Structures are given as structure tokens and as C-alpha cells.
Amino acid sequence: MLGPSTVLVTGGAGFIGSHTAVELLDHGHEVVIVDDYSNSSPGAVERIAKVAGRPPAAAYEADLLDRRALTEVFDNHSFDAVVHFAAKKAVGESVRLPVEYYDINVGGTTALLRAMREHEVHRLVFSSSCSIYGDTTKVPLTEGDPARPTNPYATTKWLCERILTDVCRYVPELSVLALRYFNPVGAHPSGLLGEVPNGVPNNVMPYLAQVADGRLDRLQVFGDDYPTPDGTGVRDYVHVMDVAEGHRMALEHLDDKPGMSVFNIGTGRGTSVLELVSAFSHAAGTPIPYEITGRRPGDVAELIADATAVARAWGWTTSRDLAAMVEDAWRFQQMNPAGYPN
Ligand code: NAD
Ligand code: WQD
């Protein structure tokens, strides 16, 4: 069990990274952030300090691919572990810019592994994704189910898992936990931290939040002819605070076992798009306009985690339900309609 530690959080100004940074600070860890702010802003770091009541030990504006900058970060601190969130994550963009995705997501991970090796840091928690399961009809999904990534983003995550597995084979002192998140949503209950998408959101939850506050007209529901109870897509939405707690517990369990382990991070429960619209309308106290349109290319009917392995391994289970997810997302939207101040 890893005690109070100094943890490098790459992508710590992003959605999941910022919530995890607060969770780590709240539990006595020191946090150092590296982020190039390509999909976030320094305002997030200020909010982390405000919510946690103390700042991260340091926050560096740096691109993981900048070897000199990364070396300097490792030279300046003695890290016990690394939590690696920094990556590009938009599926549609990855189809347009596959090389950039391989470069940043895979190249960023190998750059980090190199710096870790040079500085004898041997513990890593890696952000993987349910998207690696690809076009599947199996419900729920276990970690042993085959990976069949269907877009460059998902392939980068699968490649990173393969690289990490392989490196662990040859570097026996390395411990890696790869967490395959399903659909993280929601916000910190303070309303001070949340998801700040760039431009028009791709994902359903931030889109709904912007429809509810009138910034967007209506939600387009991508298809109502799936083989699901109401015909709309079903996903395993998981509260970002539960995900953040999962990372803190992962750090505490990195020393349980050397080598690479993989866990699904989800609730095990599915919610359809229409159920989500209804829950959000309830939280916002206003009907949310929507229209049914055609299916979005690449979408699957249903993705639900079997998260029993992580529950068995460390006792991690979710404690926040769908009502908490939409209430917290709505509170954050109302308190920060234009995101964080710059
Ligand atoms: P996010 O975009 O909010 O956070 C990623 C952070 O990394 C951003 O702050 C961004 O500025 C930073 N970053 C990107 N490229 C960088 C680089 N080259 N150098 C330094 N910093 C860089 O995304 P998120 O939703 O918080 O996701 C975090 C991780 O979890 C990502 O690896 C993502 O692929 C993975 N993931 C996310 C979801 C989801 O639905 N949000 C689901 C599964 C997996
Ligand atoms: C959810 C549901 C849509 C938008 C994505 C990534 C995945 C992972 C999690 C990173 C689907 C429907 C959506 C809209 C809609 N991220 N929808 N109208 O696609 O399940 O997963 O985030 O690893 O890799 O692909 O999330 O929020 O985009 O969609 O009807 O405007 O909402 O069809 O059924 P998705 P999402």
C-alpha cells in the first residue's frame, strides 16, 4: 500500500485529471501537474487549489513530447508514482488527424515511460478507455473480452496498453494499472470543477447542459432504432468523483502486484439517451428540447462495464447515482456558463 506520496499527474488540468488532483490533495498526497493546456486552462489549476484548500506542489505548462521540459519536471521532484491522463480524446477528430493522435497519445506515453525509467519511477496509472472494445454486442464487458478498436483514438489506447504490457515484461520493477473508463460525467459537488469542452461539445452530457441553459437549441438524439428498450443508445455513465476515487485507490494498490493489470471503471448499469434527457430535465427543472436524428457513424447500441474485478481487487464501487451525475453537471454549468475564467 502506497502511503502519502508525491504524484505526477499528466493532463491534471483536464476534466478527469483535475478531479483526481483534488481527490489526491484531499488524501494527503502532493500533486505535480504537467499540462500543455491544449484542452484546458490554468484556471482549472486555480480551481483545484480552491476546492482542495491547498495548491498542487507545482504546475508546469509543458507538452509531454518536449523531452527537455519533461526531464526538467522529473529533475525537480522525486515522484513516487505517475497518473497519466494527458491525451487527445475526440473520436471524430482522431479520424481526421490520425497521425497527431498516434504522436501525442502513443508518443506521449513512451516519452513519459522514458523519463520514468531515467528517474527510476516505477509506478504508473494509465487512462485507458472502453472504446477499445469497439463494435461489440456483448453486455456487460469484462476485461478479458477482445479489444477491437474501430477508430484511431481507440487504437492509440489499445496500443498503449500493449506497449505497457510489453514493457512490464522486461522491466520487472514496473507496476502499471490501466483503467478502462466507460463514460465519465458529472462534476465536483462544489460546482467549482467540471467538464469544460472546447467549442460545441461532442459528448452528450456537456451538450445537454448547454441545451438546458439555452446556449444550444436542442439535443440531437442519434438514433432511436437500436435494439435497446427505448431504441436509443445505452451507456454506462459514471460520476467523475467516483472515477477520481478510483485513481486514488489505484495508487494505493499499485504495489499489490508487479507488472500490468487492467480494470474496467463503470457502474455496471446502463442508461439510454432518453433516460438521460429525462434525468437532466428533472435536475434542471425545465423540459429539454430534443429531436431524433439518424445514427452517428461508429456508435454502438450498448456499452456497459462489468466492474466486478476492480470491486474484488480493491473494493472500489461507485457511490453516486445518475441523479447526482446530472445534478452536479447542471450545478457546474449554471455556476460556470463560460467555463473557467482565464
Ligand atoms: P481532457 O482533454 O479534459 O484532459 C486531458 C488533458 O491533457 C488536457 O488538460 C490537455 O490540455 C492535456 N494534454 C493533451 N495533450 C497533451 C500533451 N501533449 N502534453 C501535455 N498535456 C496534454 O480529457 P479527460 O476527459 O480528462 O480525459 C483524461 C484521459 O482519460 C484521457 O487520456 C482520455 O483519453 C481518457 N478517457 C476519457 C474518457 C472521457 O469520456 N472523458 C473516457 C475514457 C478515457
Ligand atoms: C453517448 C450516447 C450517442 C451526443 C465517448 C467516446 C469514448 C469514451 C467515452 C474516451 C451515445 C448519444 C451523443 C449527442 C446523442 N471517451 N449522443 N447526441 O460515444 O459513448 O463515448 O466518450 O475514451 O471513447 O467515444 O459518448 O457522450 O458521445 O455519447 O444522442 O449530441 O449519447 O449516440 O449513444 P460515447 P457520447
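Each ligand, and each atom within it, is numbered from 1 in the order the structure gives. This structure is a prediction, so every number in the text was calculated from the model and none was measured. Atoms considered below: every heavy atom in the structure, side chains included; atoms not considered: hydrogens, waters and symmetry mates.
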Worksheet item: Among F126, F15, Y153, which residue places a heavy atom closest to atom 35 (C) of ligand 1?
Response: Y153
Worksheet entry | Nearest neighbour in protein (non-hydrogen) for atom 39 (C) of ligand 1 | P184 CD, 3.7 Å
Item to complete: Classify the angle between the aromatic ring planes of H84 and F126 as parallel (below 30°), tilted (30 to 60°) or perpendicular (above 60°).
Response: tilted
Worksheet item: Please state which protein non-hydrogen atom is closest to atom 24 (P) of ligand 1 and give its distance, to 0.1 Å?
Response: K89 NZ, 3.8 Å
Worksheet item: For ligand 1, which atoms sit closer than 4.0 Å to a heavy atom of S128?
Response: 43 (C), 44 (C)
Discussion item. Checking T142 against D306: is there a side-chain donor and acceptor pair closer than 3.5 Å?
Written reply: no
Worksheet item: How far is atom 18 (N) of ligand 1 from its nearest protein heavy atom, and which residue and atom is that?
Response: D63 OD1, 3.0 Å
Worksheet entry | Protein residue, atom and distance nearest to atom 30 (O) of ligand 1, heavy-atom basis | Y181 CE1, 3.2 Å
Worksheet entry | CZ (R114) with more than 12 external heavy atoms under 6.0 Å | no
Item to complete: Check whether the side chains of D224 and T232 place a donor and an acceptor atom closer than 3.5 Å, and report yes or no.
Response: no
Worksheet item: Stepwise, does the ring pair (Phe, Tyr, Trp, His ring centres under 6.0 Å) test hold for F74 with F79?
Response: CA-CA 7 Å; F74 275 81; F79 296 122; 5.2 Å; yes
Fill in: Minimum heavy-atom distance between A87 and K157, given as atom pair plus value
CB-NZ, 3.7 Å
Worksheet item: Going by atom types only, do D242 and T318 share a side-chain donor-acceptor pair under 3.5 Å?
Response: no
Discussion item. Considering non-hydrogen atoms of the protein only, which is the closest contact for atom 1 (P) of ligand 1, and what is the distance?
Written reply: N39 ND2, 3.8 Å
Worksheet, complete the sentence: Numbered in order shown, the ligand 1 atoms found under 4.0 Å of a heavy atom of I104 are 15 (N), 18 (N)
Discussion item. At less than 4.0 angstrom from any atom of ligand 2, which residues have a non-hydrogen atom? List them by chain and residue number.
Written reply: V91, S129, S131, Y153, F182, N183, N202, N203, V204, L219, Q220, V221, F222, G233, R235, Y237, V273, R296, D299
Discussion item. Under 4.0 Å from a heavy atom of S40: which atoms of ligand 1 are those, numbered in the order shown and with their elements?
Written reply: 8 (C), 9 (O), 11 (O)
Discussion item. Heavy-atom distances under 4.0 Å decide this one: backbone, side chain, both or neither, for K157 against ligand 1?
Written reply: side chain
Item to complete: Inspect the contact between R295 and D225 and indicate whether a charged nitrogen and a carboxylate oxygen are less than 4.0 angstrom apart.
Response: yes
Discussion item. Going by the closest heavy atom to atom 29 (C) of ligand 1, which one wins out of Y60, F85, Y37?
Written reply: F85
Discussion item. Between the side chains of R123 and E252, is the shortest nitrogen-to-carboxylate-oxygen separation below 4.0 Å, so that they form an ion pair?
Written reply: no
Worksheet item: Which residue pairs pass the side-chain hydrogen bond (donor to acceptor under 3.5 Å, both in side chains) test with at least one member in residues 173-193, sequence neighbours excluded?
Response: S127-Y181, Y133-R180, E161-R180, Y181-H247, H188-S190
Discussion item. Can you report which non-hydrogen protein atom sits closest to atom 13 (N) of ligand 1, along with the distance?
Written reply: D36 OD1, 3.4 Å
Worksheet item: With atoms numbered from 1 as shown, which atoms in ligand 1 lie under 4.0 angstrom from a non-hydrogen atom of S38?
Response: 10 (C), 11 (O), 13 (N), 14 (C), 15 (N)
Worksheet item: Side chains of Y101 and E93: is there a donor and an acceptor less than 3.5 Å apart?
Response: yes
Fill in: Close-contact set for ligand 1 against S129 heavy atoms, below 4.0 Å
43 (C), 44 (C)
Worksheet item: Evaluating non-hydrogen atoms only, which member of G11, A87, A62, A90 is closest to atom 20 (C) of ligand 1?
Response: A62
Worksheet entry | Residue L64 vicinity, atoms of ligand 1 by number, heavy atom under 4.0 Å | 17 (C), 18 (N), 19 (N), 20 (C)
Discussion item. If only side-chain N and O atoms count, and only distance matters, is there a donor-acceptor pair under 3.5 Å linking D299 with Y226?
Written reply: no
Worksheet item: Among protein heavy atoms, which lies nearest atom 4 (O) of ligand 1, and at what distance?
Response: G14 CA, 3.4 Å
Worksheet item: Between L192 and V51, what is the shortest heavy-atom contact and its length?
Response: CB-CG2, 3.6 Å
Practice prompt. Closest by any non-hydrogen atom to atom 10 (C) of ligand 1: pick that one out of I16, D35, V9, N105.
Written response: D35
Item to complete: Check whether V82 and M260 end up in the same hydrophobic cluster, where Ile, Leu, Val, Met, Phe, Trp and Tyr are linked by side-chain heavy atoms less than 4.5 Å apart.
Response: yes
Worksheet item: Quick one: which of W314, F182, W316 gives a ring-ring contact (aromatic ring centres under 6.0 Å, His included) with F263?
Response: W314
